Protein chains: 2
Amino acid sequence: MSQEQQNEETPAARFVERFAAELTEAGMQRMAARVFAALLASDSGALTSAELSERLRISPAAVSGAVRYLTQIGLVGREREPGSRRDRYVVHDEQWYETFARRDQLLTRWEAILRDGAGTLGADTAAGARVADTADFFAFLREGMVELLERWRDHRAATAPDR
Amino acid sequence: MSQEQQNEETPAARFVERFAAELTEAGMQRMAARVFAALLASDSGALTSAELSERLRISPAAVSGAVRYLTQIGLVGREREPGSRRDRYVVHDEQWYETFARRDQLLTRWEAILRDGAGTLGADTAAGARVADTADFFAFLREGMVELLERWRDHRAATAPDR
DNA sequence: CGGTAGTTTCACAAACTTGTGAAGTTAAGG
DNA sequence: CCTTAACTTCACAAGTTTGTGAAACTACCG
């Protein structure tokens with residue numbers, strides 16, 4: 001039963017497509033999203049290029065591009081099985097949590113732009129005040145996110161110490 | 001030369017473009033982002049279609065499309081000044097906080113898809129467990145976000161009771 | 001070493017997106 | 001009611017993105 005063939009629409013394949021569609025809508029490149037979802041839904045959490053190509057019905061070129069992106073952002077690792085010429089792509093589901101939640105870089109940038117804008121608009125103007133408020137909000141949000149992530153790490157460590 | 005009405009980049013205009021570019025990169029339609037940023041940086045927090053068209057150098061059609069989107073997601077309101085034929089578009093900066101932070105709908109949807117996927121993959125499989133874990137993470141994140149927003153509202157209420 | 005399985009790069013065509021001008025619609029003001 | 005200012009809709013051209021086939025590259029294996 002370790003035969004994971006999905007020529008027809010298996011439930012697993014449907015899940016992969018559904019979740020990938022969400023990721024895509026949220027801004028991830030389409031092929032990257034599909035590859036990521038496929039890895040997430042695979043039993044070993046790792047697949048070769050050929051397997052991905054077959055399951056997702058895409059060219060090796062598309063797999064290559066998707067994997068390049070995913071490894072760059074740290075969601076996926078590349079491994080080579082000794083004695084084989086094939087790479088295996090492995091989902092890093094721990095870092096995935098971090099990567100996704102760690103949008104603080106984005107928030108930080110926004111905050112900086114807004115602070116700067118508030119300055120040039122003038123603290124005494126309504127526009128300046130409005131923009132400064134918005135900056136405050138993002139600062140608050142960023143701090144909260146960082147704290148939240150920390151809580152997740154603790155929670156996770158308590159629940160499953162060695163994953 | 002003389003035709004060019006303030007083609008100069010005023011600091012305000014620069015802020016508008018910078019912030020709009022960020023919003024765009026984060027996934028908002030370009031024109032919507034520019035319109036929103038322009039409203040945010042305007043003194044009254046409201047502009048007419050003509051003003052937007054002129055400041056952003058875009059066609060009325062583009063303004064129309066952007067505003068339709070922004071009103072749909074609740075970031076902007078439409079008002080008609082009595083005795084005028086012009087609409088005024090008003091930034092809802094309070095709701096904007098909410099709208100932006102309230103990604104819980106997104107998170108909820110993801111969570112649902114992941115739970116469902118975990119079910120079909122089977123709780124006894126490695127893939128099922130991995131996907132269930134991911135669902136847990138999003139559940140945690142969503143709860144945290146909701147709480148965080150609540151804290152912001154309290155904080156805001158304490159700081160500026162009457163906005 | 002040479003053959004070859006596997007991966008990457010590249011140019012390009014197809015598909016999608018975006019902003020526009022112009023025609024169409026609505027309603028205020030005479 | 002008719003005129004006209006203001007907004008919206010629509011078809012389309014320009015621009016961008018995406019995935020592919022094919023060629024180029026890499027490094028295992030005999």
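Every value quoted in this text rests on a predicted model; they were computed, and no experiment measured them. Computed over heavy atoms, backbone and side chain alike; hydrogens, waters and symmetry mates excluded.
Residue B/S64 is in base contact, counting any heavy-atom pair closer than 4.0 Å across all strands shown. When heavy atoms are screened at a 4.0 angstrom cut-off, B/T48 is found touching no nucleic acid atom at all.
Using the six-membered ring where Trp is involved, B/F15 and B/F19 have ring planes that are parallel, under 30° apart on the 30 and 60° scheme. Relative ring orientation between A/H155 and B/F140 is described as parallel, the plane-to-plane angle staying below 30° on a 0-90° scale split at 30° and 60°.
Rounded to a whole Å, the CG atom of B/L56 is 10 Å from the P atom of C/dT20. The interatomic distance linking B/D87 (CG) with D/dA5 (C1') rounds to 12 Å, in whole Å. Remark: C1' of D/dC10 and CZ of B/R68 are 11 Å apart, rounded to the nearest angstrom. We find that CG of B/L52 is positioned 12 Å from P of D/dT8, with the value rounded to whole Å. If you take CD of B/E51 and P of D/dA6, they are 12 Å apart, rounded to a whole angstrom. In this structure, the CD1 atom of B/I58 is 14 Å from the C1' atom of D/dT8, given to the nearest Å. Residue B/Q29 contributes atom CD, which lies 17 Å from atom P of D/dT16 at whole-angstrom precision.
Listed nucleotides C/dT7, C/dG19, D/dC7 differ in distance to B/M31; the shortest reach to its side chain belongs to C/dG19. In the set D/dT9, C/dT8, D/dC7, the nucleotide with an atom closest to the side chain of A/Y89 is C/dT8. Comparing D/dT4, D/dG19, C/dA5 by their nearest atom to the side chain of A/R85 picks out C/dA5. Nearest nucleotide to the side chain of A/R78, out of C/dG29, C/dT8, C/dG19: C/dT8.
Residue A/S59 places none of its side-chain N or O atoms closer than 4.0 Å to OP1 or OP2 of D/dG19. Regarding contacts with the backbone of C/dG6, a side-chain N or O of A/R86 is found under 4.0 angstrom from either OP1 or OP2. When the side-chain nitrogen and oxygen atoms of B/R30 are compared with OP1 and OP2 of C/dG19, one or more of them lie within a distance under 4.0 Å.
Summarising the local packing, CZ of B/R115 is surrounded by more than 12 heavy atoms from other residues, nucleotides or ligands at distances under 6.0 Å.
Looking at every heavy atom in both residues, A/A20 comes nearest to A/A33 through O-CB, 3.6 Å.
Counting only heavy atoms from C-beta outward, the side chains of A/Q29 and A/L70 never approach each other to under 4.5 Å.
In terms of position along DNA chain D, the nucleotide closest to A/P60 lies nearer the 5' end than the nucleotide closest to the other residue of the pair A/P60 and A/R80.
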